[in-house]
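One structure is given below, encoded as C-alpha cells.
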Amino acid sequence: MGRSINLEGKVAMITGASSGLGKRFAQVLSQAGAKVVLASRRVERLKELRAEIEAGGGAAHVVSLDVTDYQSIRSAVAHAETEAGTIDILVNNSGVSTTQKLAEVTPADFEYVFDTNTRGAFFVAQEVAKRMIMRGNGGASKPAYRIINIASVAGLSVLPQIGLYGISKAAVVHMTKAMALEWGRHGINVNAICPGYIDTEINHHHWATEQGQKLISMLPRHRVGTPADLDGLLLLLAADESAFMNGSIITADDGFGLM
Ligand SMILES: NC(=O)c1ccc[n+]([C@@H]2O[C@H](COP(=O)([O-])OP(=O)(O)OC[C@H]3O[C@@H](n4cnc5c(N)ncnc54)[C@H](OP(=O)(O)O)[C@@H]3O)[C@@H](O)[C@H]2O)c1
C-alpha cells in the first residue's frame with residue numbers, strides 16, 4: 001500500500017484562495033482531508049470554489065478578507081475559527097505585483113505592494129499565531145501548527161523590472177525565519193515556499209508578449225509552471241511528517257534560481 005499525507009481533522013486557512021496558487025492550494029489541502037477556509041476579497045469566487053470542494057465531498061468555508069486592512073484580518077481570522085474550528089495550518093498566500101524600474105516606483109506603488117505582500121502577510125500570520133500560542137500545543141509531542149508563507153524566487157535573487165516586488169518578498173523570507181525562531185517553541189513551524197514563474201492571473205498577460213516569450217526561452221527548461229507543480233511541496237510543509245522543518249526557505253522554480 002502506498003503512503004500518503006493525511007490532513008483529516010485539520011483546519012487550513014488559505015489567503016488569496018480566489019485564484020491561481022491559492023485556489024489550487026485549497027483544492028489540494030481539501031483532497032488531503034483538511035477542512036479549508038477560503039479567504040480573500042472576491043467572495044463570489046470563493047463561494048464557487050466552496051461549491052466545487054463540497055461537490056467533491058470536502059468541507060470548505062468562505063471568509064471575506066482584505067489583508068491591507070488590519071481590522072479585516074482580525075475579523076476574518078475570528079470568523080474562520082468560529083465557522084470552521086481552530087486553525088492548524090495557515091497558507092499565507094495573498095499577493096500583488098507591479099512592473100517598473102526602481103527609479104520609477106512611486107509612493108503609491110510602494111504602498112500597494114508592501115501593504116499586501118509584507119504588512120498584510122505579517123499581520124495575517126501574527127493574528128493566526130497569537131491564537132495558536134494562546135491555545136498551546138495541546139501536549140502534542142511534535143509541533144502541531146504550520147504557517148506556510150508564499151514568498152518568491154524574486155525575494156532571493158534580483159530580477160529586473162520586478163525589483164519592488166522582490167524587496168517585498170525578501171522581507172517575507174526574513175519574516176519567515178524570524179517567526180520560525182520566535183514561535184517554534186509554541187509548536188508552530190513557519191516555512192516559506194519560493195516559487196519560480198507559474199502561470200496565474202498575476203502574470204498571465206505577460207507570457208503572450210514578446211518580452212514574456214523571450215523570458216520563457218531563457219528559462220532552464222523553456223517553460224512556465226502550473227499551480228499543480230507546487231502540490232508536493234505544499235503537502236510536505238502542511239504534514240505532521242515535516243515536524244523537523246522550521247524556518248526552511250524552499251525554492252520550487254524548475255532550476256531558475258541556479259542561473
Ligand atoms: N505566479 C507566480 O509566478 C508566482 C511566483 C512566485 C510567488 N508568487 C506568489 O504567489 C502568491 C499567489 O499569487 P498567484 O500567482 O496565485 O496570483 P493571483 O492569481 O493574482 O492571486 C493573488 C491572490 O491574492 C489575493 N489578494 C490580492 N490582494 C489581496 C488583499 N488585499 N487581500 C486579500 N487577498 C488579496 C487575490 O484575491 P482577491 O483579489 O480575491 O482579494 C488572489 O486570490 C502571491 O503571493 C504571489 O506573489 C507567484
Side-chain angles (χ1 to χ4, degrees), residues 13-28 36-50 62-77 79-80 90-99 111-125 127 147-157 159 161-162 164-173 175-176 192-207 212 215-216 219 223-231 233-234 249-254 256-257:
M13 178 170 176
I14 303 99
T15 69
S18 57
S19 66
L21 301 185
K23 180 176 179 185
R24 178 73 190 181
F25 293 154
Q27 289 165 330
V28 169
V36 291
V37 178
L38 315 171
S40 81
R41 294 165 303 177
R42 289 173 292 174
V43 169
E44 283 314 310
R45 284 203 185 197
L46 301 177
K47 286 181 182 168
E48 284 168 28
L49 180 57
R50 178 180 64 191
V62 166
V63 301
S64 170
L65 167 69
D66 180 350
V67 301
T68 66
D69 175 350
Y70 182 61
Q71 282 316 319
S72 170
I73 293 172
R74 296 201 66 192
S75 56
V77 173
H79 185 191
L90 167 69
V91 187
N92 203 5
N93 165 77
S94 289
V96 294
S97 183
T98 57
T99 308
E111 274 163 33
Y112 172 67
V113 173
F114 267 71
D115 281 1
T116 303
N117 295 3
T118 310
R119 184 179 182 274
F122 176 83
F123 283 110
V124 170
E127 188 59 28
I147 294 178
I148 304 168
N149 291 326
I150 307 304
S152 170
V153 283
L156 301 172
S157 314
L159 301 180
Q161 298 292 338
I162 53 168
L164 177 64
Y165 172 80
I167 300 168
S168 76
K169 290 296 188 176
V172 173
V173 168
M175 179 178 103
T176 301
I193 297 179
C194 293
Y197 291 113
I198 312 258
D199 187 2
T200 67
E201 282 178 28
I202 212 169
N203 53 27
H204 184 70
H205 57 282
H206 187 58
W207 304 122
L215 176 54
I216 292 173
L219 297 175
R223 64 179 186 185
V224 173
T226 68
D229 287 321
L230 302 180
D231 289 359
L233 179 50
L234 176 80
I249 310 298
I250 308 176
T251 55
D253 65 354
D254 210 31
F256 175 51

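These numbers come from a predicted model, not from an experiment. FYI, the numbering just counts along the sequence from 1. Counting starts at 1 for both ligands and their atoms, following the listed order.
The nearest protein atom to atom 15 (O) of ligand 1, hydrogens excluded, is given as T200 OG1, 2.5 Å; this is a heavy-atom distance. Protein heavy atom in closest approach to atom 7 (C) of ligand 1: A151 O, 3.1 Å. Here the heavy atom of the protein found nearest to atom 25 (C) of ligand 1 is G16 CA, 3.6 Å. The single protein non-hydrogen atom nearest to atom 21 (O) of ligand 1 is S19 OG, 3.2 Å, given as residue, atom name and distance. In terms of protein heavy-atom proximity, atom 3 (O) of ligand 1 is nearest to I198 N, 2.8 Å. When only non-hydrogen protein atoms are considered, atom 20 (O) of ligand 1 lies nearest to I202 N, 3.4 Å. Scanning all protein heavy atoms for the shortest distance to atom 46 (C) of ligand 1 gives Y165 OH, 3.4 Å. Protein heavy atom closest to atom 34 (N) of ligand 1, with residue, atom name and distance, is S94 OG, 2.9 Å.
Each of the atoms 30 (C), 31 (N), 32 (N) of ligand 1 lies under 4.0 Å from some heavy atom of D66. Which parts of ligand 1 touch Y197 is read off a 4.0 Å heavy-atom cut-off, strictly below it: atoms 3 (O). Listed by number with element, the atoms of ligand 1 under 4.0 angstrom from any heavy atom of T116 are 28 (N). Listed by atom number, the atoms of ligand 1 under 4.0 Å from G20 heavy atoms are 16 (O), 19 (O).
The closest heavy-atom contact to atom 45 (O) of ligand 1, among the options N93, I150, T68, comes from N93. Taking each of S152, P227, A17, S18 in turn, the one with a heavy atom nearest to atom 37 (O) of ligand 1 proves to be S18. Among L21, L65, V224, the residue whose heavy atom lies closest to atom 10 (O) of ligand 1 is L21.
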What's the verdict on side-chain contact (heavy atoms from CB on, under 4.5 Å) for S19 and R42, showing C-alpha distance, side-chain angles and the deciding distance?
-> CA-CA 9 Å; S19 66; R42 289 173 292 174; 3.5 Å; yes
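How far CZ of F114 is from OG1 of T68: 15.0 Å, rounded to the nearest 0.5 Å. Expressed to the nearest 0.5 Å, how far NE2 of H79 lies from OG of S72 amounts to 11.5 Å. Interatomic distance, L38 CG to S64 OG, rounded to the nearest 0.5 Å: 12.5 Å. Interatomic distance, D115 CG to D66 CG, rounded to the nearest 0.5 Å: 9.5 Å.
Under a 4.0 Å heavy-atom criterion, A121 is not in contact with ligand 1. The closest approach between a heavy atom of V96 and any atom of ligand 1 is below 4.0 Å.
Checking only distances, G95 does come within under 3.5 Å of ligand 1, N or O to N or O.
Between R24 and the choices N93, T226, D231, D229, the side chain to side chain donor-acceptor pair (under 3.5 Å) rule is met once, by D231.
Contacts of N203 with ligand 1, taken as heavy-atom pairs under 4.0 Å, involve the side chain alone. The part of K169 lying near ligand 1 is the side chain, judged by heavy-atom distances below 4.0 Å.
Between F256 and Y197, the ring planes lie tilted relative to each other; the angle falls in the 30° to 60° range.
The side-chain heavy atoms of L233 and I250, taken from C-beta on, include a pair separated by under 4.5 Å. Looking at heavy atoms from C-beta onward, L65 lies in side-chain contact with I73 at the 4.5 angstrom threshold. With a 4.5 Å cut-off on side-chain heavy atoms, I148 and F25 do not count as touching. When side chains are defined from C-beta on, T15 counts as touching L90, because their heavy atoms get closer than 4.5 Å.
Using a cutoff of 4.0 Å between basic side-chain nitrogens and carboxylate oxygens, K47 and E44 are scored as salt-bridged.
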